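Worksheet: one structure, shown below.
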Amino acid sequence: MLHRLRAQALTFPLTGRRSERAALGAHAAAARAGRGTAVLISGPSGSGKTRFLEEFRAEETARRTTVLHATCTRDTTPYGALRTLLATLDPAHDGEAPPPPAAHPARAALAPGSGAPAHQVLHALHRLVARLMTDSPLALVLDDAGHCDEASLRGLEYLLRRARRLPLLVVLAHGTGSAPATRTALTELTTRHAAATVRLGPLTDDDTAALVRHAFTAPADPSFAPLLAAAAGGNPRILTRVLRTLHAEGTAPDAAGAHRAEEICTALTAPYVRRVLAGRPAWTRDVATAAAVLGDAAPDHVAALAGVAPALAATALAELCDAGLLTPGALHFTTEATRAAVLATLEPPALTRLRTKAALLLDDAGRPAREVADQVLLLPGPLAPWMAAALREAADRAAGDGAHKAAAGYLHRLLDAEPDDVSVRAELARLRAGFSPTEALPLLEEALTQATCVRTRAVIAAQYGLTCLAVRRGPAATTVLTGTLHALREHLGPQAGPADRELTAHLESVLLLAATAERTTLATARRHAATTPAPHGDTPAQRQQLAMLATLTALDGRHADRAVDQARRALRTPGGAPGGWAPLAAALPLALADETDDALDALEKVLSYAQECGEPRVYAQVLTARALILHRTGALPDAMTDARTATGLVAEEPRCARMSEPVIALATVLADRGEADRAEQLLAGLDARSLKRSVMEHPLHLMARAQARRGLGDHEGALDLLLACGDFLAGSGVGNPVLHPWWLHAVCLLSGMDRTDEARRIAEAVQEPARAWGTARALGLAGLARGATTPGEEGLALLTEAVTTLAGSPARADHARATHLLGKALLAAGDQRGAREHLRTAVALARQCGALALARAARSRLLAAGGRMGKITGSRTDMLTRTERKVAGLAGLGASNREIAEALFVTVRTVEMHLTSAYRKLAVGDRAGLAAVLWPALPGGATPSPARDALRAAR
């Protein structure tokens, strides 16, 4: 009871309706100017006609217009509506001056049982109205005019015929959801006098948001108002009743409140739908249920399913639109609750028969398989052969269009009917792996148990291995893959054909990929690689093998030339095809071997493929890999752009939810940018326990945390993390010194803490691995570590040699760090002039890289050496990407407009490509893939609110 009273106390202003109010205001102005006018206000039940008329009457009264108002009832007594209008003039009614004398004859003529002939009544009415208009314009307003008695409508029509030059306005509000009791008289009045129609449609999302703001003092969740508007169909009565109920219950306008609002809307919609259909003929109800079953179908299909003539179906559909059940101009229901309420009028057996008939109708009409399958999905029980065929075809079409969730839905229904079909189970698992790997694994495990064919089991095992990687279950994948590969080799023997050899190579490559992912299985990958001869790389599976062999060679850290050769052979794809995941795996060994351009080119292939196919997880993986490589080269602005975009996908796209490497990459860049606090916050949100077995992610996570700790001044904590990283890599058997150069950072920290002996031991231990790998970066960093721990002239010589070596490598940030350490050593040796020269160079190199933390440290020592330099700031120009720098540089050099335009075209064309792909994905209903092509079109991952809203709406 208290809730009901609180709900009643909440009132709402008239919201929206600007265009409708302007239209009615224009007609009222014409009437006041002396042009008698009639206006019909139409709208379904609950559209706010009564409140709209109240506002209009108040406005017209303020303009000194005499307004007579009446609400019609179902009373059909002649002249009943006119008597109610005239009662407005009664002093007991409004408390003002007595009625004019002329009112009495009209009242007497209109009184029930007066016996006055029609012409006498109409003449008396006309004299009264004319008398009223001598003092001011007159507005006659009838609400619920569909229930007005015919005699009153004839009287209004009589007045309008004689008021073409008089200030008379007749406003009739008619609910389109109910048939007029006096259809002929109302139609004649509105037609003969060319009555203008003002239709009150549904409220917009903005109007709904305004009502929400009025109902709640707390700010609403951004998604609350759109969800509420969709659930209520924009109907003002339902909206206000829902908001009053939520307000009375104390429900907040958040996600839970939106769910509660949907429940209330459903409860309010069902009775209205029942009332509308109850007052219609049987054929109209049949058309309504047919439209509800078919959804947005063609009118002829609705007519065929309802079993009525097309003309009758068109009439029924028009009535349903007028009643607010269907959207005008379309054949879909205003809300899902409305459609459900229509379907609820049928008993389950009748609904099943109607859906079966609809599926057959659509199939016979040659409609797309997905339309047929959508009907089959809702049918209980076993499936007929033609139904199973429709589901298979619909799944194939949906998967081809990138709508993997829809395809999985079709296959899931098919699997319910055919639980022993291994191919359906495997295909369903493959599709589910793209958006829900956890749900896909049980399906794959069941398929592995059911599969009797060795080849089929091998295909399923390969998918199982790839799916396990997404949920960090590398050991389980390695066990299954090892056993399946052994069985496959035994079954095929030495005389396997080309297809079987390709299947074997694919299974081997997935085994290497899964086993390399975790510390506990890395030894298995090494043993398997040692016994597997390197293939030529003529097929996709062989190229995947080569890419993984190159990765293992790079992790071993002893044969850079072999790793580069294997990686390049893995990238030799015919016609520039992406070649599966081989380019992504091949990029790591190329980057570690200082072949940065080749590594970035390899990632670009996969990036284009992932964007075109709408694969957000692959897109995030490639962006992260590219960010880490760019960070190694010292291109921190570009690295931050990629890392931010990938991190945005992790936050927005459910298929990327388990990914942590993008966040680690972003934190790594932020730490070098001097934003250690932000890096620390990002890393604190990760589940560190889930990373502890990962060969790639755990050391990277430790390095990022160490850099953040160091930036915050916690040198002891940073050192502990770096030593833990070294222990993990050593325990895993990873010997490449440049994969995670924890040792260099540890040496620098220990030297600064006057623990030179410990620093020297670490520096000496890394010399042999660096020589074994032999790249310029490895040798330069090793020389830098030795120089930092060697005193006197010998140390200066080693540092100078390291600077020269790193200058010839792609590691620009490391070159800046080496130059800084050389300047620092010269300053300690008393050579201030030499120190200033190198420190100034270090500042310039660090700023070009975007490594602001290093630049500030070098500047501080430059000032100590007697140099002069302004403060290092994180200005926008510090974060320009390569393309942006090129454009800015051309403009600064006075380049021609043509040259600047050509540089800008690169960026514009890239965005255009992304948006074209987005439209393609949206056209086929692939809302999940839409995110993967929208995110890259947004610079730096900093999404403008319209794009963010589009992404949310797409999901």
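FYI, the numbering just counts along the sequence from 1. Quantities reported herein were computed from a predicted structural model and do not represent experimental measurements.
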Please table the atom pairs, donor to acceptor, closer than 3.5 Å between any side-chain atom in residues 660-670 and protein atoms at least two apart or in another chain.
unit_1, atom_1, unit_2, atom_2, d
Ser660, OG, Arg472, NH2, 3.0
Ser660, OG, Glu697, OE2, 3.0
Thr668, OG1, Ile664, O, 2.8

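Applying the side-chain hydrogen bond (donor to acceptor under 3.5 Å, both in side chains) test to every pair with at least one member in residues 774-786, sequence neighbours left out, gives these pairs: Arg777-Asp814. Listed by first and then second residue, the ring pair (Phe, Tyr, Trp, His ring centres under 6.0 Å) pairs that reach into residues 698-722 are His698-Phe728, sequence neighbours excluded. Among residue pairs with one or both ends in residues 585-602, those qualifying as side-chain hydrogen bond (donor to acceptor under 3.5 Å, both in side chains) are Arg568-Glu595, Arg568-Asp598; sequence neighbours excluded. Residue pairs that meet the salt bridge (charged side-chain N to carboxylate O under 4.0 Å, His left out) test with at least one member in residues 825-835, sequence neighbours left out, do not exist here. Applying the salt bridge (charged side-chain N to carboxylate O under 4.0 Å, His left out) test to residues at least two apart or on different chains, the pairs with a partner in residues 713-730 are Arg709-Asp714, Glu716-Arg755. Residues in residues 732-749 take part in no salt bridge (charged side-chain N to carboxylate O under 4.0 Å, His left out) pair, two or more places apart or across chains.
For Asp672, the side chain to side chain donor-acceptor pair (under 3.5 Å) criterion is met by His631, Gln707, not counting sequence neighbours. Looking at residues two or more places apart in sequence or on another chain, you find no salt bridge (charged side-chain N to carboxylate O under 4.0 Å, His left out) involving Glu793. Here Thr624 pairs with nothing under the side chain to side chain donor-acceptor pair (under 3.5 Å) rule; sequence neighbours left out. The side chain to side chain donor-acceptor pair (under 3.5 Å) search around Thr790 returns none, not counting sequence neighbours. Remark: Gln621 engages no residue in a side chain to side chain donor-acceptor pair (under 3.5 Å) (not counting sequence neighbours).
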